[in-house]
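In this text the structure is predicted, and so the values were computed from the model without any measurement.
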Amino acid sequence: MGNFVCLSNRIAGCRFSIHPMRDDFIDIITTALKEVDTSKVWVQTDDVSTLVRGRIAHIFDVTKALYLHAAKTGAHVAFEATYSVGCPGDTAGDVFMAEDDVVLNKETVDSIKQETSTKFALYPLGGGQYMDQIYAQIEAMKDHGVEVSGTHYATRLDGEAVNIFNGLEKVFIDMEESGSSHTVMTVSMSANSPSTKGGKANE
């Protein structure tokens, strides 16, 4: 594997996969893609996943919009994503760091009501007091109108998808501003699932 050098080591990225659990999953995905403006991010799709890179605001704007447009169909939708900011990484997409911070999809998706279950894990790399940083960000999620609970190897979030995405973006920005040299966040989301919360019957 070659050695990569970032021209701008603060470029953010997200590699994600979205899985609508319905026979018309291709139509759901392609329609969602048509409804999302991706002109401010670098995009690459292969047979496994899609990668978007650019400014943090646009990375979250695009992934939030894709998820909500797919979930609003009523299909059970699963979303797996890894967000990252900081080197090492390749230089592809650096040109998009010149974009402004005006997001393009907010007006079309922030009105979509969609209950969502999420598990996320935060990994601040290159710092000594990483657990204190993680606990602080978990507590901060409660300010976004989201139910926060613990689970093995992750933190569970339940609530409106827009609130969850907004909270996760704020967590990511806070870690960036705290001086973390490289931050990784893994996210698993589920909308319209036929399964009961936590695998137990609702009371």
Should Val109 and Val103 be counted in the same cluster of Ile, Leu, Val, Met, Phe, Trp and Tyr side chains packed under 4.5 Å apart?
no
Quick check: do Leu168 and Met189 have side-chain heavy atoms less than 4.5 Å from each other?
yes
Flag the pair Thr183 / Ser84 as yes when at least one side-chain heavy-atom distance between them is below 4.5 Å, and no otherwise.
no
Using distance alone, with no hydrogens and no angle criterion, decide if Asn192 and Gln114 have a side-chain donor and acceptor under 3.5 Å apart.
yes
Just wondering, do Met185 and Phe120 contact through their side chains at under 4.5 Å, heavy atoms?
yes
How close do Ala191 and Thr116 get, counting heavy atoms only, and between which atoms?
CB-OG1, 4.3 Å
Looking at Asp110 and Val162, would you say the former's side chain and the latter's main chain have a donor-acceptor pair under 3.5 Å?
no
Please walk me through it: do Val148 and Leu157 pass side-chain contact (heavy atoms from CB on, under 4.5 Å)?
CA-CA 5 Å; Val148 180; Leu157 310 172; 3.8 Å; yes
Checking Thr30 side chain against Asp27 main chain: does a donor-acceptor pair fall under 3.5 Å?
yes
So, using side-chain contact (heavy atoms from CB on, under 4.5 Å) as the criterion, who are the partners of Asn163 when residues are at least two apart?
Val146, Glu160
The criterion is side-chain hydrogen bond (donor to acceptor under 3.5 Å, both in side chains); which residues satisfy it with Lys40, sequence neighbours excluded?
Asp100
Ile112 with Leu104, same ILVMFWY side-chain cluster at under 4.5 Å
no
Run the ring-centre check on Phe16 versus Tyr67 and record whether the distance is less than 6.0 Å.
no
May I have all residue pairs that pass salt bridge (Lys or Arg N to Asp or Glu O under 4.0 Å) and include part of residues 179-195, sequence neighbours excluded?
none
Is there a side-chain contact between Val52 and Thr63, using heavy atoms and a 4.5 Å cut-off?
yes
Evaluate side-chain contact (heavy atoms from CB on, under 4.5 Å) for Asn105 paired with Val62, printing each intermediate quantity in order.
CA-CA 7 Å; Asn105 298 285; Val62 166; 4.2 Å; yes
Residues passing the salt bridge (charged side-chain N to carboxylate O under 4.0 Å, His left out) test with Asp37, sequence neighbours excluded, are none
Do Ser49 and Arg15 have side-chain atoms, one donor and one acceptor, less than 3.5 Å apart?
yes
Quick one: ring pair (Phe, Tyr, Trp, His ring centres under 6.0 Å) partners of Phe60, sequence neighbours excluded?
Tyr83, Phe172
Hey, does Thr108 have a side-chain heavy atom less than 4.5 Å from the side chain of His69?
yes
Any side-chain heavy atom of Glu115 sitting closer than 4.5 Å to one from Asp158?
no
Is a side-chain donor or acceptor of Arg55 paired with a backbone partner of Glu99 at a separation under 3.5 angstrom?
yes
Identify all side-chain donor-acceptor contacts of residues 74-82 below 3.5 Å with residues at least two apart in sequence or on another chain.
residue, atom, partner, partner atom, Å
His76, NE2, Ser190, OG, 3.2
Glu80, OE1, Ser188, OG, 2.6
Glu80, OE2, Ser188, OG, 3.2

Should Leu33 and Val41 be counted in the same cluster of Ile, Leu, Val, Met, Phe, Trp and Tyr side chains packed under 4.5 Å apart?
yes
Closest non-hydrogen atom pair between Arg156 and Ser117, with its separation
NH2-OG, 3.2 Å
Find out if a path of hydrophobic residues (ILVMFWY) with successive side-chain heavy-atom gaps under 4.5 Å connects Ile59 to Ile164.
yes
The test is side-chain contact (heavy atoms from CB on, under 4.5 Å); show your working for Lys119 and Tyr153 and say whether it passes.
CA-CA 9 Å; Lys119 290 180 181 178; Tyr153 317 122; over 6 Å; no
Taking all non-hydrogen atoms of both residues into account, name the closest pair between Ala12 and Ile56 and its distance.
CB-CG1, 3.7 Å
Test side-chain contact (heavy atoms from CB on, under 4.5 Å) on Ile29 and Ile18; report intermediate values, then the result.
CA-CA 8 Å; Ile29 294 172; Ile18 190 164; 4.3 Å; yes
With a 4.5 Å heavy-atom cut-off, do Thr50 and Ser17 have their side chains touching?
no
Can you tell me how far apart NE2 (His58) and CZ (Phe96) are? Round to the nearest 0.5 Å.
10.5 Å
Report yes or no: do Leu122 and Ile173 belong to one cluster of Ile/Leu/Val/Met/Phe/Trp/Tyr joined by side chain heavy-atom distances under 4.5 Å?
yes
